[in-house]
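Notes for the one structure printed next.
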Amino acid sequence: MSIPEIFAENVFNEKAMKAALSPEVYRSLKKAVNENEPLDFAVAQEVADAMKDWAISKGATHYTHWFQPMTGITAEKHDSFIAPVKGGGVIMEFSGKALIKGEPDASSFPNGGIRETFEARGYTAWDPSSYAFIKDNTLCIPTAFCSFSGEALDKKTPLIRSLETLNKKAVKVLHLLGKEDVKSVHVTVGAEQEYFLIDRETALKREDLVFTGRTLFGANAPKGQELGDHYFGAIKPRVKSFMESLNRELWKLGVLAKTEHNEAAPAQHELAPVFTFVNTATDHNQITMELMKKIAERHGLVCLLAEKPFKGVNGSGKHNNWSLVTDSGVNLLDPGETPAENLQFLLFLSAVLKAADDYQDILRASVASAGNDHRLGAHEAPPAIISVFLGDDLLGALKAFINNDTYHADKTVMRLGAKILPPLPKDATDRNRTSPLAFTGNKFEFRMVGSNDSIADCNVVLNTAVAESLDLFAKELENSKNVTETAHKIVADTVKNHERIIFNGNNYSDEWVEEAKARGLKNLKTTPEAVVSYTLDKNVELFAKHKVLSYTELHAIEKVMLDNYSRIVKIEALTMIDMAKKNIYPAINNYVKDVLGTAVLKGNTGISANTELTLANTLSSLSDKVFAYSEKLEHLVEKSTAIVDSKELAFFIKDEILPCMEELRSASDKAETLTDEKYWPYPSYAKLLFSVK
Ligand code: ADP
Ligand code: MG
């Protein structure tokens, strides 16, 4: 297999377009995409024809408008290319109209109250800025999804809107700085994806994994991740074979799958692609998640993308590496050799600092989900507090710049103590793996994203909030007589006003939680607390000003996120009740029965049965608890059905249902450690986490 040959073979990319389209049509399409202009209809017709012929030559029989509804999954409805002709035959047809616009009967997709059922129709609109591709013999056309009245019902529309505003404001700042040749600024993103691989047969024995994708019960295995022997360890043959299949499929779809390794927890792995433009990166991450699940099945495995599938070991996240690049390829977050003298870099850096501080709440909200609540702040991922890591060197350079001092970065080389090993130049910034938003050399790495999340949401917030900083900077620069002096002042003022958001220390420590509180930083621990930020006045104003999201759309996002949270936790609660009552409670009692049988036998022969009696007693009281908490949980779930308001329901679930689930789990997990394994109805953590060889 030649990788360059198969790479992107199923993508209608520049190369395929150039081959399939007439030069005029190709030019018109490129122009429309580059200049954010709508496409001429005649051009669309020719593109549709060429796309169809290309897809059919690759074996495609169907096409679909591929879109990303507000729940974060992807959706598709397949139509075949066939059109009947006289005499009973068919021809293969695809019109420009069908390419540009679709009308799926999408009334069941969440809309957060935007659509009434009588106007349930949703529209899909072709997004020519992301390439079409072929998946399972179907031509997938990336589209935006909106309501009858044009409101966004998906994650892609706001993302594209946020890119437009950021582009405008960034270009303006650059022009004011004298970089008049810059035509456009784009966002680049590399999304590192963490996941677990579990043996499929073992996983299917657990209702919790089948219904919710995470374990709701389960005592810790004797060994977890404490030895650190899995992290970066040799990849096991079954996993390696999965990774090979995955890479091949991803490459064919033009996904730049690059780095793969074992992660901290047993059975946990990571895949990082080479970064690309954020719109494509978002599509690619969705494709990656979908293929991970599908290919795992082919290998007799299950891929878990839940944020916290196992208690006691690390959960999975996604690192959103974010940067800005000009049309001529200049990374605006690259400090260069002498950051303290790089005014343009410092200005863009300050824009991110200000954005992170002013919009902590929605940045946190953008990654809120029932699953991620178990991960953030669990001493394995950043807490729910937003802060920015700059590293001592960059912070030193920034301060020196503000004070007009000269700054000498530590440019020494590291000697490794053996002559044969080469001396390494010391990195300018140290790594900090605990920070939610870390500056890592030439980009910011946002680490709070959940493994299951679409990366669209956090990028919408980052893009819009940074656009706002840049807009304010541009106004100051516009009114100034000396641009250099004003830019210097902007950087100094921004750092002074937003210093509280900079934190280079350990974000996992309890001291930081205290210090952050003293600094006045927000700690929105749970989804209901975080998500309501979407409709706070200042945030509504931000999104309205930049025409990214209207109040109606923000309200809809808030409602969909709250409803989703409530639904997920409710399914988890019902699954727990089912497992506890039908399997766990009876299993404990069966064991107790046998233990008591042994006690009787021992008693009959005059042997002390103290151990059995104590054990039976302990287990019996634990099984009572398991039953009682199941009953209580059932009652609470029943009670919750009467709550109609989304916010009220989510808070009820957080305050009443989740703590009860915790108590039920804790009684069951304790019982699991005391029960003979052959009685326990579910595969243990040891089997789940260590069975893939
Ligand atoms: P680490 O795990 O050490 O952070 P990885 O190599 O796993 O590093 O991931 C780093 C990610 O950051 C990759 O996806 C990489 O392509 C991406 N990245 C590098 N430079 C940029 C950039 N300028 N803009 C966006 N992402 C970038
Ligand atoms: Mg990585």
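In listed order, ligands and their atoms are each counted from 1. Here, residue 1 is the first one in the sequence, and each next residue gets the next number.
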For ligand 1, which atoms, with element, lie under 4.0 Å from some heavy atom of [X]?
X: A272; value: 7 (O)
X: E445; value: 4 (O)
X: N321; value: 10 (C), 11 (C), 12 (O), 17 (C), 25 (C), 26 (N)
X: G190; value: 14 (O), 25 (C), 26 (N)

Heavy atom under 4.0 Å from ligand 1: found in [X]'s side chain, backbone, both, or neither?
X: N331; answer: side chain
X: E270; answer: side chain
X: Q193; answer: neither
X: K258; answer: neither

Exercise. Start with the C-alpha gap between H261 and T259, add the side-chain angles, then the distance that decides, and say whether side chain to side chain donor-acceptor pair (under 3.5 Å) holds.
Key: CA-CA 7 Å; H261 61 81; T259 312; over 6 Å; no
Are any of the N/O atoms on [X], whether in the backbone or the side chain, positioned under 3.5 angstrom from an N/O atom of ligand 1?
X: V274; answer: no
X: T259; answer: no
X: P273; answer: yes

What pair of heavy atoms forms the shortest contact from [X] to [Y], and how long is it?
X: I362; Y: F543; result: CD1-CE1, 3.7 Å
X: H488; Y: L343; result: N-CD1, 4.0 Å
X: F12; Y: M17; result: O-CE, 3.2 Å

Practice problem: Report yes or no: does a heavy atom of R433 sit under 4.0 Å from some atom of ligand 1? | Solution: yes
Quiz item: For ligand 1, is H319 a contact, meaning one of its heavy atoms is under 4.0 Å away?
Solution: no
Quiz item: NZ of K155 to OG of S366: how many Å apart, nearest 0.5 Å?
Solution: 9.5 Å
Quiz item: Between atom CG of L524 and atom CG of D361, what is the distance when rounded to the nearest 0.5 Å?
Solution: 6.5 Å
Practice problem: Not counting sequence neighbours, which residues clear salt bridge (Lys or Arg N to Asp or Glu O under 4.0 Å) with K31? List them please. | Solution: E35
Exercise. Take E14 and K30 through the test salt bridge (charged side-chain N to carboxylate O under 4.0 Å, His left out) and record every step on the way to the result.
Key: CA-CA 9 Å; E14 302 298 319; K30 286 303 295 173; 3.0 Å; yes
Practice problem: Please collect all salt bridge (charged side-chain N to carboxylate O under 4.0 Å, His left out) contacts where either partner lies in residues 170-179, sequence neighbours excluded, each pair once. | Solution: K172-E478
